[in-house]
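What follows is a short report on a single structure.
Note that ligands are numbered from 1 as they come in the structure, with each ligand's atoms numbered from 1 the same way. The analysis underlying the following values was restricted to heavy atoms, covering all of them including side chains, and did not include hydrogens, waters or symmetry mates.
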Amino acid sequence: MRVLAINDISCVGKCSLTVSLPIISASGVTCDILPTAILSTHTGGFSGYTFRDLSEDIPAILAHWKSLNLKYDIIISGYLGSIDQIKMVKSIKKDFLKPDGLMVVDPVMGDNGILYAHFNQKFVEEMRGLCSIADLIVPNLTEACFLTGTDYSSVTESSYEIILAKLKKFCARPSVTGCDISKKDDAGKQTTSCAIYYTDDNGATKIYSTEKIEGSFHGAGDVYASALVGALARGIKMEKAVQIAADFTKNSIAQTALEQTEARYGLNSESQMYAYLCELHQACKHNG
Ligand code: PXL
């Protein structure tokens with residue numbers, strides 16, 4: 001099983017490839033990487049970062065890979081620095097994904113209702129085009145709102161299924177992470193959970209929720225997407241893969257909150273990796 005992760009290298013502030021490569025590799029499959037840019041830190045919460053766009057290097061990298069006849073079972077794309085890079089990912093899918101392979105797009109563009117630095121409406125439209133050639137997309141709620149033209153500030157619990165239905169118009173199996181839902185616990189007390197609305201292997205809408213941990217945690221989307229790809233690469237069905245990835249992400253957030261590290265430095269997912277791998281192992285055993 002061979003996976004290609006297309007994403008930037010943010011040297012500090014765990015996200016993108018510094019998250020994807022260790023998690024997908026640890027899941028037990030080959031993870032090759034295509035770095036789209038090198039930054040001294042990611043762009044969310046730091047100022048003065050360096051940003052080297054690697055677009056110029058990509059054609060020669062791909063030409064070399066073609067000479068090696070490389071083909072991938074899964075390709076996942078994450079942070080893309082320009083519209084040209086979105087176009088490159090489309091052609092990478094054509095040239096390098098096996099006919100029965102899985103194209104996963106994490107349309108990294110924003111959080112908490114706003115776009116990250118360097119992105120604009122034109123980029124959102126191009127990203128929608130990339131999502132339309134994906135098998136699976138994993139936007140957070142902010143990105144799902146931008147992709148569907150939904151006003152983030154007016155989103156309520158009843159909006160989530162509507163947003164998912166709008167995403168389904170251009171991608172067969174969308175999901176949306178970071179959907180807050182309120183529930184009553186066994187004692188009748190109102191609590192908030194953090195849910196993922198997703199589409200299972202049969203096209204049905206499913207919801208999986210975990211305990212909500214207050215705060216904004218940078219890199220959580222990258223941990224979730226990577227853990228999901230790791231589980232899918234191991235042959236685990238979507239429903240179980242979502243549960244395993246969501247639990248791993250929630251546990252990583254809980255550990256980060258406990259340690260009170262600055263959110264911009266990313267999640268402590270390292271401490272939860274062993275538990276994640278045990279879950280994968282169990283799920284694979286049940287798969288026979
Ligand atoms: O985690 C998403 C992400 C990835 N890569 C870069 C980013 C961000 C979010 O800020 O800036 C460079």
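Asp84 and Ser55 share no donor-acceptor pair across their side chains, judged by distance under 3.5 Å alone. Side chain to side chain, Ser226 and Ser20 meet the donor-acceptor criterion of an N or O pair below 3.5 Å. Defined by atom type and a distance below 3.5 Å, a donor-acceptor pair is missing between the side-chain atoms of Gln243 and Glu239.
Among protein residues, Asp8, Ser10, Cys15, Ser16, Leu39, His42, Thr43, Gly44, Tyr79, Val108, Tyr116, His218, Asp222 come within 4.0 Å of ligand 1, judged on heavy atoms.
Grouping Ile, Leu, Val, Met, Phe, Trp and Tyr residues whose side-chain heavy atoms lie under 4.5 Å apart, directly or via other members, places Leu232 in a hydrophobic cluster with Met1, Val3, Ile24, Val29, Ile74, Ile76, Leu102, Val104, Leu136, Val138, Ile196, Tyr198, Tyr208, Tyr224, Leu228, Val229, Met238, Val242.
Within a 6.0 Å radius of NZ in Lys66, other residues, nucleotides and ligands contribute 12 heavy atoms or fewer.
In summary, Lys14 and Glu270 engage in a salt bridge, as defined by a charged side-chain N under 4.0 Å from a carboxylate O.
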